[in-house]
Amino acid sequence: MAARVPEVLTRAEEEWGDMMSRWTRTARWARHAGYATLLTLTLLLLAVADGDSGRQRQEPVQRPNALEVEWSLRTPGRALDAADTPASVNDSMLAIPLGATVGIVDTREGRRLSTLRGAGSELEPAGFSGGVMFAMDRQGSEESLNAYDPATGKKLWRETASRSRQQKAGNGWTGTAPLLPTPGPVVEAVGGRLAGLDPQSGAVRWRKRIPAVASCGEVAPAGPGLPSYPPYQLSATDNYVVVLGKCPGLVAELQVMDARDGGVVWKRRLEEWREYARIDTSPHAIVVSFDDEFRVFTEAGKEHARGRKDRKPVPVPDDPSGDVAVGDAGVAGAYVGDLRWSVGDARLQGPGASSLTDRAGRRSPSVPWPVAGTFVGRSGHLLIVRSEERYGTRYTALRPRHRAVDRDRPAGLGGAARKDWPDACGLVRAGLLQKLGRDYVKLPVRSSRTVMGVRLPHPSVCRFATESGSDDDIFSVTVRWVAPDEEAARTYATSGIPWGCDPPLGGCVLAQVTTPRPGVHLYTYRTGLEQSPVAHATVVAGRHVFGISTGNDTARARWLVARVATHLSDLNGGGRALAASRP
């Protein structure tokens with residue numbers, strides 16, 4: 001890196017730089033959190049072929065209809081305790097944030113390769129490009145971009161963010177997150193420019209002015225009294241840098257640049273936009289959203305589809321050589337994004353799920369994950385899921401498989417049979433209800449008979465209320481999941497308990513999780529805009545995972561939850577007790 005002459009940073013420049021840094025972090029977090037519905041449904045796709053991507057393709061086996069655990073590993077520290085720093089993944093490696101270090105894992109075997117170390121208190125993985133791992137760290141007010149050899153952990157070079165938007169010496173990196181197409185990193189430089197860097201040395205390969213900056217300047221007003229914002233959005237596919245120019249009052253324009261030399265490969269003049277314009281990318285596709293409409297382009301520039309956002313988006317095959325596309329959690333209520341379970345409804349308490357789409361565009365029913373957690377990304381033919389645990393964070397690789405299914409064992413139930421799901425209202429016996437000291441009425445939730453698109457013989461949620469009692473007496477019982485075996489049930493349950501907190505979503509306050517007996521977890525969970533506390537329990541009984549909740553956290557409510565949780569844990573093993581709960 002060329003030496004730089006220190007310059008005085010004006011207040012306006014500092015505020016602009018801080019705003020851009022916050023905006024970049026927020027945008028990057030939102031991409032990983034799974035809140036962009038269009039991106040969730042159309043872009044987070046996993047190409048599945050028979051064999052590794054580097055091998056010659058063979059004839060595909062039967063279309064996968066199940067996801068099974070390939071490997072699983074636990075890291076120290078819970079990702080949501082302080083900040084949600086997402087892991088990064090490519091076709092063969094996973095970069096896991098561990099505070100001041102980043103762990104690199106070979107995703108093909110689940111084997112740890114190296115540990116990367118930064119100079120600050122937190123090292124944030126940015127991603128892979130050109131065989132190099134990139135991460136950002138901060139020391140005081142100084143922010144830097146670091147390049148590492150992922151196989152050995154050796155630091156290759158370091159670039160410090162410019163403290164002036166007008167600096168002309170050196171690369172003048174602005175501190176925003178780098179774009180990481182396969183040929184090498186591309187960074188935003190001062191003066192409204194992009195700089196393509198050599199991944200091994202950090203030397204500048206090319207420097208080009210951002211097209212939108214040339215059209216309408218570096219910043220555009222957001223409105224009276226509001227801060228300015230850049231008149232462009234940047235993203236990247238496998239090989240290209242994508243620039244969406246959105247100057248106020250002008251028709252938006254999409255320009256795609258070759259990451260090797262900065263040359264424009266293709267461009268499109270798009271619709272006029274009023275309030276909203278953005279791009280989302282996958283390795284081989286680009287989705288452009290304008291207000292209520294979207295357009296999908298392949299990386300090469302062919303328009304794949306267009307339509308309105310309120311209609312079901314068209315799945316985009318993420319790898320032209322793939323036979324099946326596997327999407328991120330795309331079913332209502334799946335445990336996705338870092339949103340914790342809502343209280344009392346199995347439709348909001350099931351595992352994440354992925355749909356399988358073949359090359360003809362035919363979609364299979366949703367296939368549930370065998371663990372609760374959040375989507376991290378795809379690595380080759382594997383799906384990576386992150387789960388919070390009591391003492392750490394678990395990363396699990398899921399491989400698509402084909403499993404024989406029939407009407408009684410649909411793919412949506414993950415290998416369990418319909419008859420294995422008990423009637424939620426039959427789980428709490430009349431004798432226990434009498435001991436609870438009130439005249440209880442069972443209120444089955446009819447809509448809960450459908451879980452993961454599968455019609456069950458009984459409701460999976462039942463509410464218990466008294467005719468003359470107070471709200472403190474109301475509680476609900478939920479059959480959250482029926483796993484293929486007891487170990488899978490324990491893994492699913494413990495990975496779904498909200499152990500950590502999530503500051504980007506407003507935080508959470510948890511009472512200490514207590515385990516009065518094996519398989520029973522009691523806790524108070526505060527959630528929602530009012531952060532109202534709710535007494536809650538998760539129970540593992542054999543292959544079954546149950547949930548108990550009330551509407552508040554009074555002493556009576558906590559006693560009810562603990563008493564019913566103990567009762568359900570006595571059903572351990574399924575057997576005669578569960579069989580008796582079915583009419």
Side-chain angles (χ1 to χ4, degrees), residues 335 341 343-351 368-372 387 389-390 409 413-433 435-436 440 442 444-445 448-449 451-452 454 456-464 475-499 513-523 525 535-550 558-583:
Y335 180 87
W341 279 339
V343 174
D345 192 335
R347 293 166 299 168
L348 299 179
Q349 298 176 334
W369 302 344
V371 293
S387 307
E389 294 189 350
R390 182 188 291 270
R409 293 178 179 271
L413 296 185
R418 298 173 196 262
K419 62 181 179 58
D420 293 336
W421 283 69
D423 182 353
C425 290
L427 292 171
V428 182
R429 308 298 164 70
L432 175 60
L433 291 178
K435 293 179 181 178
L436 296 180
Y440 274 96
K442 300 180 180 181
V445 179
S448 70
R449 293 185 63 167
V451 173
M452 292 293 179
V454 176
L456 301 176
H458 318 292
S460 61
V461 178
C462 190
R463 297 190 178 102
F464 295 82
F475 67 94
S476 66
V477 172
T478 299
V479 182
R480 284 186 175 159
W481 194 243
V482 179
D485 52 60
E486 295 187 15
E487 181 179 0
R490 288 192 297 269
T491 301
Y492 166 75
T494 55
S495 64
I497 294 173
W499 302 103
V513 180
T514 60
T515 307
R517 62 164 67 178
V520 176
H521 304 274
L522 307 176
Y523 50 91
Y525 180 46
H536 211 96
T538 295
V539 177
V540 182
R543 299 168 52 199
H544 299 77
V545 181
F546 303 122
I548 307 98
S549 63
T550 61
R558 289 193 297 271
W559 178 81
L560 275 173
V561 167
R563 185 67 182 86
V564 176
T566 301
H567 171 76
L568 294 182
S569 72
D570 289 336
L571 303 178
N572 190 18
R576 290 173 300 189
L578 282 177
S581 70
R582 307 184 187 105

Check your understanding: Is the backbone of D420 close enough, under 3.5 Å, to the side chain of H544 for a donor and an acceptor to pair up by distance?
Key -> yes
Revision key, fill the gap. Rounding to 0.5 Å, atoms OG1 (T538) and CZ (F546) come to a distance of 12.0 Å
Point to revise | Smallest separation among heavy atoms of D485 and A488, with atom names | key: OD1-N, 2.7 Å
Check your understanding: Does a side-chain heavy-atom distance below 4.5 Å link L522 with R558?
Key -> no
Review point. So, the side chain of H567 versus the backbone of L427: is there a donor-acceptor pair under 3.5 Å, distance only?
Key: yes
Point to revise | R463 side chain to S476 backbone, donor-acceptor under 3.5 Å | key: no
Point to revise | 4.5 Å side-chain heavy-atom contact, P422 and V479 | key: yes
Practice item. Indicate yes or no: at least one non-hydrogen side-chain atom of R563 is less than 4.5 angstrom from one of I548. Key: no
Exercise for review: Indicate the atoms forming the closest heavy-atom contact of P370 with Y492, along with that distance.
Suggested key: O-CB, 4.2 Å
Review point. Under 4.5 Å between any side-chain heavy atoms of K442 and F464, yes or no?
Key: yes
Review point. Can you tell me if R418 uses its side chain to pair, donor with acceptor, with the backbone of L456 under 3.5 Å?
Key: no
Revision key, fill the gap. Nearest heavy-atom contact between V445 and P459 is O-CB, 3.6 Å
**Study point:** Heavy-atom pair with the smallest gap, counting every atom of A541 and L568
**Key:** CB-O, 3.7 Å
Review point. Counting only N and O atoms by type, is there a donor-acceptor contact under 3.5 Å from the side chain of S460 to the main-chain atoms of S448?
Key: yes
